[in-house]
Undergrad: 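Let me begin by handing over the structure; questions about it come next.
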Amino acid sequence: MSQVPVVRTTKALRRTVGQWRAAGERVALVPTMGALHAGHLALVTAGRKRATKVVVSIFVNPAQFSPAEDLSKYPRTFAADRHKLGEASADLIFAPTVPEMYPDGFATTVSLAGPALVGLEDAFRPTHFPGVATVVCKLFSQCRPDIAMFGEKDYQQLQVVTRMARDLDLGVTVIGVPTVREADGLAMSSRNRFLSPPERAAARVLYDAMTAATRAIRATGEAEPALATARAAIMQAGFTLDYLEFRDAATLAPPLAVSGAPLRLLVAARIGSTRLIDNIAV
Ligand code: PAF
């Protein structure tokens, strides 16, 4: 198996993608921060189904980490990532440097409202989505893909990026890809590697509590008792709960009723030094 080619500059990326476009190829972009797992590879596979060329960006974006979050602790596994992308048949890796993405004097940030300001991740990580949206906007502009693949695991991010692409006419169709889970239901995440064995065993409670809550909401038409039971189960398992909320699936606003528009149940909780997020359709 030959190695996936790597480009490190916007100029080199545009040259390759430009040649593909001239040849009539349809291009998918999979934005990542590396430390790739089966969830990322599912994005590549989904991209392959809808496009003829798949570009994977690997860039640990400093702008989406707050000073309290340890950017240096973020896992960097480039050689292993490149190997996995070869097996998944990606066509190109875009791995820019920090100065390539944020040149001296960089002064522009995408300003967000709508699904970026609904009291979920934004309440706990206020600088996160402006950092994500800015880098994703740059990646779209650098690569100019037809489509871009984002995991439903980061559900608020998916809604923020979808809204941005539509609002700013970025010419990219954002496609959400279902979450890949471990056998016990834990959503795959690059953060799972930080869980100790007892924390990892406890972590299944997130999916178990969410699925039990959605079943109860569907059966009774009432949200609050089901949410209270799920919150108690998560805390009982040793987590500190940031939120467990159900929301309108598109706007992420609190829904007026349990029936009607599609709903999403979203959770964020901390155990030890690890913060996990997850969500499912109600
Ligand atoms: O989901 C991620 O890994 C990141 O937030 C993204 C979309 C690659 C932007 O840095």
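Atoms within a ligand are numbered from 1 in the order they appear, just like the ligands themselves.
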Undergrad: Distance to 0.1 Å, residue and atom name: give those for the protein heavy atom nearest to atom 2 (C) of ligand 1.
TA: Gln157 NE2, 3.9 Å
Undergrad: Using a strict 4.0 Å cut-off to heavy atoms of Pro31, name the atoms of ligand 1 that fall inside it.
TA: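 Taking each heavy atom of Pro31 in turn, ligand 1 has 8 (C) under 4.0 Å.
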Undergrad: With a cut-off of under 6.0 Å to the ring centre and 45° to the axis, is Arg76 in cation-pi contact with Phe59?
TA: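 No cation-pi geometry.
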Undergrad: Without hydrogens or angle criteria, can the side chains of Asp122 and Gln156 be said to hold a donor-acceptor pair below 3.5 Å?
TA: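 Result is yes, a qualifying pair exists.
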Undergrad: Can you list the ligand 1 atoms lying under 4.0 Å from a non-hydrogen atom of Val135?
TA: 9 (C), 10 (O)
Undergrad: For the pair Arg231 and Glu224, find out whether any cationic side-chain nitrogen is under 4.0 Å from an anionic carboxylate oxygen.
TA: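 A salt bridge is present here (some side-chain N lies under 4.0 Å from a carboxylate O).
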Undergrad: Under 3.5 Å, is there a donor on one side chain and an acceptor on the other for Thr10 and Gln142?
TA: yes
Undergrad: Please determine if Lys73 forms a cation-pi arrangement with Phe65, meaning its NZ or CZ atom is less than 6.0 Å from the six-membered ring centre and no more than 45° off the ring axis.
TA: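 No, Lys73 does not lie over the aromatic ring of Phe65.
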Undergrad: Inspect the contact between Glu69 and Arg125 and indicate whether a charged nitrogen and a carboxylate oxygen are less than 4.0 angstrom apart.
TA: yes
Undergrad: What protein heavy atom sits nearest atom 10 (O) of ligand 1, and how far away is it?
TA: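 Here the nearest protein heavy atom works out to Gln64 OE1, 2.6 Å.
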Undergrad: Which residue holds the protein heavy atom closest to atom 3 (O) of ligand 1, what is that atom called, and what is the gap in Å?
TA: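 Result: Met33 CG, 3.6 Å.
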Undergrad: Please identify which atoms of ligand 1 are closer than 4.0 Å to at least one heavy atom of Phe150.
TA: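 Near Phe150, the atoms of ligand 1 are 7 (C).
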Undergrad: For Thr32, take its heavy atoms, then give the atoms of ligand 1 lying under 4.0 Å from any of them.
TA: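 Contacts of ligand 1 toward Thr32, numbered from 1: 8 (C).
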